[in-house]
Amino acid sequence: KNNEMAVIRRGEPLSIFEIDSHTPSKISIKQLKLSLAQLEKGGYDTFMLKEIFEQPTTLRDCLRGRITGDCSRVTLSGVELNRDRFLQAERITLVACGTSWHAALIGKRLIQDFCQIPVEVEYASEFRYGNPVLNDRDIVIAISQSGETADTLAAIQLAKDKGAFVYGVCNVVGASIPRATDSGTYIHVGPEIGVASTKAFTGQVTVLTLLALAVGQLRGVIDSSTVQSVATALNAMPGTIEETLKCNDAVQKLSMFFTYAHNFIYLGRGYNYPTALEGALKLKEISYIHAEGYPAAEMKHGPIALIDQEMPSVIIAPSDSLYDKIISNVQQVKSRGGAVVAIVSKGNTAMKDIANFCIEIPDVPECLTPLVASIPLQLLAYYIAVNKGKNVDQPRNLAKSVTVE
Ligand code: M6R
């Protein structure tokens, strides 16, 4: 804890005491369920590639025990133990930073669609200084891989001081955020070593999907057929991600065409606008190429001016309710000489005639498309950075846990 010091001497018991008073602290030792293999590269060149390819396994771990065998119910102990809070909630605010904030944007859509509760998403760094109006009917969900992000911790403290119920969605067991929150759900994806978050992002989106289904059921506002179809597809997600990862060679090949680009734009709509933001962040972080993510329909309000032969676009266009709309963005980019990499659902032949490159992803319910669409985007960023000879695991100027403001 803050203001404590631990002394470890070979052959002697561990001692922890308060720095100022030297009073010994109570020690509670928990053994982490970690294997050495989880901390090694396991035959991959980098931790990031290992973590990308681990996602079928990490999602299996994340889902374990949370969906009933017949896929008719989702149970999260954090929700079950706080039923009244979730039943009485008048608003949910999601706070996070970076990739976790992108997961929060997807969480907003999921909670609105399945729970019919108003949802807001805030950068933790803005929330903490934004004088938020909160009361005991508010739930604040803090999302963090490391569980140590300073801005997110400060946002949690502020929310608690104002009487809100604070729920954590974290990866690192026993970290500061799970200890500071009232309750929560671990994503259980194992240690993430690469600075660029990959498996934690898909774990966070998976937990937020489970949470939205569980709370929707609890409040009686989601029909059983929706639960059944989403839970069935979610249960099958480890296999679906395995299938998606088969795009690896195609993505590696196409990455060669873009290694020397200076700018990229990523476009998506609805559930995949946050996926576009996340794809752009991955590219920026590890390849140092400037990349912007945009909701596709906003392109005509400004960013379209940037499009020329030098500015490739990555367009996320699964066969969902917004597919017909996004196809016009592809045409707009093409007619201005821009190259298009389109992420499309399996079997989409029409896009092959328009886009320069098509990467196919398996067909899943619309709310789960970010999980599959993010895989080729992680690989694209990875291979472009590797082609440029960058250190993908430890990109310049970045730290894995941002424990300072
Ligand atoms: O540990 P956290 O999820 O709280 O970290 C938040 C961000 O610092 C983190 O997601 C960062 O943006 C990653 N480098 C993204 O790849």
Side-chain angles (χ1 to χ4, degrees), residues 32 34-55 57-58 61 96-103 123-125 143-153 170-177 187-205 245 248 251-252 255-256 258-264 266 275 277-293 314 374-405:
L32 294 180
L34 264 184
S35 70
L36 201 58
Q38 286 181 293
L39 301 173
E40 288 168 347
K41 288 188 198 150
Y44 288 93
D45 289 344
T46 60
F47 281 110
M48 184 175 172
L49 194 61
K50 175 191 172 229
E51 286 158 8
I52 292 173
F53 273 88
E54 240 172 30
Q55 288 174 104
T57 308
T58 56
D61 292 342
C97 305
T99 286
S100 303
W101 184 80
H102 298 151
Y123 284 113
S125 53
I143 307 168
S144 173
Q145 186 287 128
S146 63
E148 299 295 346
T149 302
D151 283 321
T152 312
L153 261 170
C170 290
N171 188 32
V172 178
V173 176
S176 302
I177 291 178
I187 62 171
H188 288 314
V189 299
E192 191 180 61
I193 312 291
V195 164
S197 187
T198 52
K199 62 177 182 172
F201 173 72
T202 49
Q204 290 164 340
V205 174
L245 283 164
N248 177 67
V251 175
Q252 184 172 17
S255 72
M256 315 274 190
F258 298 109
T259 301
Y260 299 102
H262 292 293
N263 297 289
F264 257 90
Y266 284 67
T275 318
L277 295 179
E278 176 58 8
L281 179 64
K282 288 289 86 85
L283 189 70
K284 273 187 269 218
E285 281 187 295
I286 57 171
S287 75
Y288 317 142
I289 294 174
H290 168 243
E292 285 199 53
V314 177
S374 58
I375 303 294
L377 304 188
Q378 294 169 353
L379 290 168
L380 182 63
Y382 177 80
Y383 285 116
I384 290 178
V386 168
N387 299 343
K388 293 181 77 170
K390 303 299 177 201
N391 180 345
V392 295
D393 283 339
Q394 285 179 303
R396 70 183 181 202
N397 307 341
L398 293 175
K400 186 67 186 159
S401 299
V402 185
T403 55
V404 289
E405 237 192 305

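- With values rounded to the nearest 0.5 angstrom, Thr46 atom OG1 is found 7.0 Å from Ile52 atom CD1.
- Side chain to side chain, Tyr383 and Asn248 meet the donor-acceptor criterion of an N or O pair below 3.5 Å.
- A heavy-atom distance below 4.5 Å is not found between the side chains of Phe264 and Glu292.
- Under the 3.5 Å distance criterion, with hydrogens and angles disregarded, no donor-acceptor pair is assigned to the side chains of Tyr382 and Thr198.
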Q) Going through the checks in order, is the side-chain contact (heavy atoms from CB on, under 4.5 Å) test met by Leu49 and Lys41? A) CA-CA 9 Å; Leu49 194 61; Lys41 288 188 198 150; over 6 Å; no
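- Between Gln55 and Val189, the closest side-chain pair of non-hydrogen atoms is not below 4.5 Å.
- One N or O on the side chain of Asn171 and one on the backbone of Gly190 form a donor-acceptor pair closer than 3.5 Å.
- For the atom pair NZ (Lys388) and CD1 (Ile289), the distance works out to 4.0 Å, reported to the nearest 0.5 Å.
- Considering every non-hydrogen atom in both Gly147 and Ala175, the closest pair reads O-CB, 3.7 Å.
- In this structure, OG in Ser144 is found 3.5 Å from CD1 in Ile177, a value given to the nearest 0.5 Å.
- Within the 3.5 Å criterion, the main-chain N or O of Ala291 finds a donor-acceptor partner in the side chain of Lys284.
- Contact between Val251 and Pro376 at its shortest, heavy atoms only, is CG1-O, 3.9 Å.
- Residue pairs meeting the salt bridge (Lys or Arg N to Asp or Glu O under 4.0 Å) criterion with at least one member in residues 390-404, sequence neighbours excluded, are Glu192-Lys400.
- With sequence neighbours left out, Ala96 forms a side-chain contact (heavy atoms from CB on, under 4.5 Å) with Ser100, Trp101, Ile143.
- A distance of 6.0 Å separates OG of Ser287 from CD1 of Ile384, quoted to the nearest 0.5 Å.
- Glu148 is not listed as a side-chain neighbour of Val172, based on a closest heavy-atom distance of 4.5 Å or more.
- Screening Glu51, Gln204, Glu54 for a side-chain hydrogen bond (donor to acceptor under 3.5 Å, both in side chains) with Lys199, the sole residue that qualifies is Glu54.
- The shortest heavy-atom contact between Leu153 and Ser176 is CD1-CB, 3.8 Å.
- Donor-acceptor pairing under 3.5 Å is lacking for the side chains of Gln145 and Ser197.
- In this structure, the side chains of Leu380 and Tyr266 come closer than 4.5 Å at one or more pairs of heavy atoms.
- The two atoms that bring Ala200 and Ile187 nearest to each other are O-CD1, 3.6 Å, heavy atoms only.
- Other residues, nucleotides and ligands contribute over 12 non-hydrogen atoms within 6.0 Å of the CD atom of Gln252.
- For the pair Ile193 and Lys50, the minimum side-chain heavy-atom distance is 4.5 Å or more.
- Across Gly279 and Leu377, no two heavy atoms sit closer than the pair CA-CD1, 3.9 Å.
- Note that the CE atom of Met48 and the CD1 atom of Ile286 stand 3.5 Å from one another [nearest 0.5 Å].
- Counted within 6.0 Å of OH on Tyr44, heavy atoms from surrounding residues, nucleotides or ligands total more than 12; the atom is thus considered enclosed.
- Between the CD1 atom of Ile375 and the CZ atom of Phe201 there is a distance of 9.5 Å, given to the nearest 0.5 Å.
- Of all heavy-atom pairs between Ala399 and Val195, the closest is O-CG1, 4.2 Å.
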